[in-house]
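Read the numbers this way: they start at 1 and go in the same order the structure lists the ligands and their atoms. Because the structure is predicted, anything quoted here is derived from the model rather than measured.
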Amino acid sequence: MEEEGICFVSKLSLVCTFIVGFQIIRFLFSYIYNNFLNVALQINSINLKETGKWAVVTGATDGIGKAYAEILAKKGLNVVLISRTLSKLEAVAKELGEKYKTVEFKTLVADFTDTQQIYHDLDKQLNGLDIGVLVNNVGMSYHHPEYFLDVKNKDEFFANLINCNIFSVTNMCKIVMPGMVERRRGVVVNVSSAAAQIPNPLLSVYSASKAYVLKFSEDLGYEYHKFGVTVQCILPGYVATNMSMIRNATWMAPSPLTYVKEAVRTIGIKEETTGYYPHSLLVDTINLLKSISPKLSRWIVFRTLANVRARALRRAVH
Ligand SMILES: NC(=O)c1ccc[n+]([C@@H]2O[C@H](COP(=O)([O-])OP(=O)(O)OC[C@H]3O[C@@H](n4cnc5c(N)ncnc54)[C@H](OP(=O)(O)O)[C@@H]3O)[C@@H](O)[C@H]2O)c1
C-alpha cells in the first residue's frame, strides 16, 4: 500500500516536471521566435518598393524621421520630406539626393502645431502621388521631465504637443490613406514611444499622447488590413537625437540610423514593436516588475526622471 503511494507520488511529480518543462520550453521558443527568428527569417515582411512610388515622412530633417527618409530612399522610394524649416529640408534633400541619385525628393514646409491650414495645403500638394509608405514620425516632448502643473506656458505648450503628436497622425492618415485603400496597397508607420507602455510620471501629457498613437494604430490597422493597408506602431526607447538630448549613441540609445535599420525590418512582421531588441528588453523588464509591484516600478521610473528634472533645473539656474 505504502509502495503504491510512493509510486503514485513519483509518477505525479514526473508529470508535473514534464508540464513545467514543456511550458518553459514553449515560453523560450515563443520568446526567441517573436524577438529574433521572425525578423531574421523575414516571414511576412513587405517589399516596400512594391507599395508605391513615394514615401512621405513627417519630421524628416533630423533624428528618426531623417533616418526613415534615408532608409526608404535606399530602398528606391521617392521621398516627400515634411518639417517646419525650409533650409533644413533643402539641406537634407540635397544630402540624400547626392547619395541616392535615382531617387526624387520633394520638400514641404508645415508646422504641425497648426491644426487646420497645413492639412488643406498638404492635401493639395500630396494629391495624385502614388504614396506607398507614410511615416508619421513628427512629435514633440517636454524640455525636461516636469510636474503637470509646473510646465512653463502650459496652455500653449500642451495644445502644441497634442496637435503635433496626436492631430498630425490622425490627419496625415486621413489625407494619405484614401489613395492607399483605392490602390489596395500601403504601409503606415506611426511613431509612438515606449513611454506609452511603461509608467512615465513627470512626462504625463507626452506619454498620454503616445498612448493615443498606439491605440489609434491598433484599431486602424484592424479596420484597414482587409483593404491591403498595413499599419505599424513603433514604440522606441531612447534614441540618440536632439529630442532625447543624448549626443553619443550607445547600445541602449542607438543612433537614429542604427535604430531605423532594425525597425524597418519589422514592417509587416510586427504590428506593435519597440523596433529594437534592447528597448524591448527594457520595456519587458519594467513591465515584469510592474506585474509584481506596480508601486515599485512607478517609483523607480519616477526617481530616474526626477533626477533628470533636478539636473535640468540646476543647469537652468547656472
Ligand atoms: N529620440 C527618442 O529618444 C525618442 C524616443 C521615443 C519616441 N520618439 C519619437 O520619435 C519621433 C522623432 O523624434 P526624434 O527624437 O527623432 O526628434 P528630433 O531629432 O528632435 O527631430 C524632430 C523632427 O521633427 C521636426 N519637427 C519638430 N517639430 C515640428 C513641428 N511642430 N512641425 C513640423 N516638424 C517638426 C524637426 O524639424 P524642424 O525643426 O525643422 O521642424 C525634425 O525634423 C517623435 O515622435 C518622438 O516622440 C523619440
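- Applying the 4.0 Å criterion to heavy atoms of Thr113 picks out, from ligand 1, the atoms 31 (N).
- Contact between Asn287 and Gln197 at its shortest, heavy atoms only, is OD1-O, 3.3 Å.
- Heavy-atom proximity to atom 15 (O) of ligand 1, evaluated over Val260, Leu86, Thr241, is greatest for Thr241.
- For ligand 1, the atoms sitting less than 4.0 Å from at least one non-hydrogen atom of Val138 are 24 (O), 26 (N), 29 (C), 33 (C), 34 (N), 35 (C), 45 (O), numbered in the order shown with element in parentheses.
- Asn163 places a side-chain N or O within 3.5 Å of a backbone atom of Ala159 that can act as its donor or acceptor partner.
- Not a single heavy atom of Ser141 sits closer than 4.0 Å to an atom of ligand 1.
- Under a 4.0 Å criterion applied to the non-hydrogen atoms of Asp111, ligand 1 contributes the atoms 30 (C), 31 (N), 32 (N).
- Between the side chain of Glu271 and the backbone N or O of Val231, no donor-acceptor pair lies under 3.5 Å.
- Formation of a donor-acceptor pair under 3.5 Å by the Arg185 side chain with backbone atoms of Thr51 is found in this model.
- Atom NE2 in His279 sits 11.0 Å away from atom CD in Glu262 (nearest 0.5 Å).
- In terms of protein heavy-atom proximity, atom 24 (O) of ligand 1 is closest to Gly59 CA, 3.2 Å.
- Looking at Thr266, its side chain never comes within 3.5 Å of a backbone N or O of Ile269 through a donor-acceptor pair.
- Salt bridge status for Glu104 with Lys53: absent, with no side-chain N to carboxylate O gap under 4.0 Å.
- Taking a cut-off of under 4.0 Å to the non-hydrogen atoms of Lys88, the atoms of ligand 1 that pass are 37 (O), 38 (P), 39 (O), 40 (O).
- Residue-level proximity to ligand 1 for Ala60 is carried by the backbone, the only part with a heavy atom below 4.0 angstrom.
- With rounding to the nearest 0.5 Å, the separation of CG in Asp62 from OG1 in Thr85 is 8.5 Å.
- Atom numbering of ligand 1 starts at 1 in the shown order; those under 4.0 Å from a heavy atom of Gly139 are 44 (C), 45 (O).
- In terms of protein heavy atoms, atom 33 (C) of ligand 1 is closest to Ala110 O, 3.1 Å.
- Distances from atom 16 (O) of ligand 1 to the heavy atoms of Val213, Asn242, Ile64 put Ile64 nearest.
- Contact annotation: for Met243 versus ligand 1, heavy atoms closer than 4.0 Å belong to both the backbone and the side chain.
- Distance check for atom 9 (C) of ligand 1: a protein heavy atom is found below 4.0 Å.
- The local environment of OH in Tyr224 is sparse, with at most 12 non-hydrogen atoms from other residues, nucleotides or ligands closer than 6.0 Å.
- The backbone N or O of Leu149 lies less than 3.5 Å from a partner atom in the side chain of Lys154, making a donor-acceptor pair.
- With respect to atom 22 (C) of ligand 1, the closest heavy atom belonging to the protein is Asp62 CB, 4.5 Å.
- For atom 29 (C) of ligand 1, the nearest protein heavy atom (residue, atom name, distance) is Arg84 NE, 3.5 Å.
- Close approach of ligand 1 to Thr61 (heavy-atom distance below 4.0 Å) involves ligand atoms 36 (C), 37 (O), 38 (P), 40 (O), 42 (C), 43 (O).
- Comparing Val191, Leu235, Asn137 against atom 44 (C) of ligand 1, the shortest heavy-atom distance belongs to Asn137.
- If you look at Ala240 next to ligand 1, there are no close heavy atoms at all, none under 4.0 Å.
- Here the heavy atom of the protein found nearest to atom 3 (O) of ligand 1 is Val239 N, 2.9 Å.
- Taking a cut-off of under 4.0 Å to the non-hydrogen atoms of Phe112, the atoms of ligand 1 that pass are 30 (C), 31 (N), 32 (N), 33 (C).
- Listed for the Arg183 side chain is a donor-acceptor partner under 3.5 Å among the backbone atoms of Ile131.
- Between Phe105 and Tyr100, the distance separating the two ring centers is not shorter than 6.0 angstrom.
- With Ser83 contributing its side chain and Thr61 its backbone, the two residues share no donor-acceptor pair below 3.5 Å.
- Thr85 OG1, 2.6 Å is the protein heavy atom nearest to atom 40 (O) of ligand 1.
- For atom 5 (C) of ligand 1, the choice among Ser193, Ser244, Gly237 with the nearest heavy atom turns out to be Gly237.
- Residues Lys174 and Asn171 have side chains that bring a donor and an acceptor to within less than 3.5 angstrom of each other.
- In Lys210, the part holding a heavy atom less than 4.0 Å from any atom of ligand 1 is the side chain.
- Ranking the protein heavy atoms by distance from atom 47 (O) of ligand 1 puts Tyr206 OH, 2.7 Å first.
- Of all atoms in ligand 1, listed by their number and element, those nearer than 4.0 Å to a heavy atom of Gly63 are 16 (O), 19 (O).
- Ser217 places no side-chain N or O within donor-acceptor distance of the main-chain N or O of Gln232, the cut-off being under 3.5 Å.
- Of all protein heavy atoms, the one closest to atom 6 (C) of ligand 1 is Pro236 O, 3.3 Å.
- By the criterion of a heavy-atom distance under 4.0 Å, neither the backbone nor the side chain of Ala194 is placed next to ligand 1.
- With no hydrogens or angles considered, a side-chain donor-acceptor pair links Gln117 and Asp121 at under 3.5 Å.
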